[in-house]
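Encoded as C-alpha cells, the structure appears first; notes follow it.
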Number of protein chains: 2
Amino acid sequence: MDNLTEMLKGVLEGCVLEIISRKETYGYEIVKTLNALGFEDVVEGTVYTILIRLEKNKLVDIEKKPSEIGPPRKFYSLNEEGWRELSMFWEKWGYVSSRLTQLKEDSRV
Amino acid sequence: MDNLTEMLKGVLEGCVLEIISRKETYGYEIVKTLNALGFEDVVEGTVYTILIRLEKNKLVDIEKKPSEIGPPRKFYSLNEEGWRELSMFWEKWGYVSSRLTQLKEDSRV
DNA sequence: CAATGCTACTCTGTATTGCTTAGTACCACT
DNA sequence: AGTGGTACTAAGCAATACAGAGTAGCATTG
C-alpha cells in the first residue's frame, strides 16, 4: 500500500505504545515489528522520533542493556501514564473508526 | 471525544470528499455535516483549507450560486479525478483500519 | 435604522507529526 | 581490512488540522 503517511499521523504513536505494552522492547525491533504488521514503509527515523517523544512526555521507562550482536539497546516499557495514554488511544481510535465506518456504510444506502 | 486532531489528519479530507460525493454542497454545510457526524470540534477554518486544497489539486468542480438567506455559496462536486481519489481513500482506510484492528485484537490473546 | 445574529467565505500564522537523509558506532564473519 | 547487519542520533522538510481574526450578505427585532 502506497503513501499512507498522512493517514498514519496520530496512529503510529499508538501502535508503538501498543507494541511496547506487550513486552519490553527497543527501537530497532519495534521498526521490524511494524514492518511485519503491514506498515512496511515505516523507517527507523520515524520510530526513533516517536520514542524520543514518548520519553519526553514521560510515558515510558528506559533501560539500557548490552547486546551480543551489536551496539547496546535502549529497552522501553510503559509506565502507569503510558498505559493510560494507550487506553486513551484505543478509545479515540474506536470513536474515529466507528464514525468513518458509519460514513462509509451510509454511502452505500 | 476530546482532541482527535492528530488522528483526523489524513482522514478528514477523505470525509469531505465522501460528503461532496453524495450531493453538490458547500463549505458551511460540510462543516455542519461533519459536526453532526460526530466530528464536533471540526471548525470552518479547517474545512475551508481542505476545500481550497481539493480545488488546487483539481479534484472538484465549483459553481457559485446565490443564497436567499445569506451570502452566495460555492458549491462543490467531485470530478472524475475526485472520484478516483475518494476510491483510493477508502482503500487506504480499509488497509490501515484492518491492521489496527489486528494489532488491537492480538493484544487480547 | 441601528443592532444583533446567523450564514458564508477568506486569510495568516502555528503546532504536531511522520519522513528524508545522513551520520556514528558496535559486532561478526570472511 | 572490508562488508553487512544491528542500533541509535540528529537536522531539516512537508503535510495537515487548528486558532483567530476579518469581511460581508441577509433577516429579525427593538
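Just so it is clear: chains get the letters A, B, ... in the order the sequence lines come, proteins before strands, and each one is counted from 1.
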Anything below 3.5 Å on both distances counts as a pair; with that, list the stems of at least three consecutive Watson-Crick or G-U pairs involving DNA chain D. C:1-30 with D:1-30

Below 4.0 Å from chain A heavy atoms, what is the first contacting nucleotide of DNA chain C and what is the last? C/dT17 to C/dA28

Exercise answer: donor-acceptor pairs, residues 30-38 of chain A side-chain atoms, under 3.5 Å, sequence neighbours excluded:
{"unit_1": "A/T33", "atom_1": "OG1", "unit_2": "A/E29", "atom_2": "O", "d": "2.8"}
{"unit_1": "A/N35", "atom_1": "ND2", "unit_2": "A/F39", "atom_2": "O", "d": "2.9"}
{"unit_1": "A/N35", "atom_1": "ND2", "unit_2": "A/E40", "atom_2": "O", "d": "3.4"}
{"unit_1": "A/N35", "atom_1": "ND2", "unit_2": "A/V42", "atom_2": "O", "d": "3.1"}

Mind checking whether B/I62 and B/L51 sit in one hydrophobic cluster, side chains of I, L, V, M, F, W, Y counted as touching below 4.5 Å? yes

Same cluster (ILVMFWY, side-chain, under 4.5 Å), A/M1 and B/F89: yes

Distance in angstrom units between B/M7 CE and D/dA17 P, rounded: 14 Å

Whole-Å gap separating C1' (D/dC8) and CD1 (A/I30): 12 Å

Using heavy-atom distances to pick each residue's nearest nucleotide on DNA chain D, tell me which of A/F75 and B/L4 is more 5'. A/F75

With sequence neighbours excluded, residues passing side-chain contact (heavy atoms from CB on, under 4.5 Å) with B/E63: B/E24, B/K65

Can you tell if the side chain of B/S21 reaches within under 4.5 Å of the side chain of B/E18, non-hydrogen atoms only? yes

Would you confirm whether A/K74, through its side chain, and A/T25, through its main-chain N or O, come within 3.5 Å as a donor-acceptor pair? no

Any side-chain heavy atom of A/Y28 sitting closer than 4.5 Å to one from A/S67? no

With a 4.5 Å cut-off on side-chain heavy atoms, are A/L100 and B/C15 touching? yes

Can I get a per-line list of side-chain donor-acceptor pairs under 3.5 Å for residues 81-88 of chain A, giving both atom names and the distance, sequence neighbours left out?
{"unit_1": "A/E81", "atom_1": "OE1", "unit_2": "A/R84", "atom_2": "NE", "d": "3.1"}
{"unit_1": "A/E81", "atom_1": "OE1", "unit_2": "A/R84", "atom_2": "NH2", "d": "2.6"}

In B/S/- notation, 5' to 3', how is nucleotides 19-30 of chain D contacted by protein heavy atoms closer than 4.0 Å? -B---BBSS---

Check whether any side-chain heavy atom of A/L54 lies under 4.5 Å from a side-chain heavy atom of A/I20, and answer yes or no. yes

Is the shortest side-chain N/O distance from A/Y28 to OP1 or OP2 of D/dT6 below 4.0 Å? yes

Round to the nearest Å and state the distance from A/N3 atom CG to D/dT16 atom C1'. 13 Å

Any chance you could measure A/S77, atom OG, to A/Y26, atom OH, to the nearest 0.5 Å? 15.0 Å

For the pair made of NZ in A/K65 and C1' in D/dT6, what is the distance, rounded to whole Å? 17 Å

Nucleotide D/dA17, atom C1' - distance to CG of A/L8 in whole Å: 16 Å

By a strict heavy-atom criterion of less than 4.0 Å, which residues belonging to residues 33-40 of chain B are in contact with DNA chain D? none

Where along residues 54-63 of chain B does a heavy atom come under 4.0 Å from DNA chain D, residue by residue in number order? none

Taking only residues two or more places apart in sequence, or in another chain, which ones meet B/K64 in a salt bridge (charged side-chain N to carboxylate O under 4.0 Å, His left out)? none

On DNA chain D, check which nucleotide each of A/Y76 and B/L12 is closest to and give me the residue with the more 5' one. A/Y76

Reading DNA chain C from 5' onward, which residue's closest nucleotide shows up sooner: B/K64 or A/V47? B/K64

Indicate whether OP1 or OP2 belonging to D/dT16 is found under 4.0 Å from a side-chain N or O atom of B/R53. yes

Is the shortest heavy-atom distance from the side chain of B/L59 to the side chain of B/L78 under 4.5 Å? no

Sugar-phosphate only, base, or nothing, as touched by A/L51 at under 4.0 Å among non-hydrogen atoms: nothing

Apply side-chain contact (heavy atoms from CB on, under 4.5 Å) to B/D41 and list each qualifying residue two or more places apart in sequence or on a separate chain. none

Show me, pair by pair, the donor-acceptor contacts under 3.5 angstrom made by side chains of residues 4-12 of chain A, not counting sequence neighbours?
{"unit_1": "A/E6", "atom_1": "OE1", "unit_2": "A/K9", "atom_2": "NZ", "d": "3.2"}

Inter- and intrachain pairs under side chain to side chain donor-acceptor pair (under 3.5 Å), touching residues 42-59 of chain A, at least two apart: A/E13-A/R53

Under 4.0 Å, heavy atoms only, any strand: does A/I52 hit a base, just the sugar-phosphate, or nothing? nothing

Would you check if A/Y76 and A/D61 make a side-chain contact, meaning some heavy-atom pair closer than 4.5 Å? no

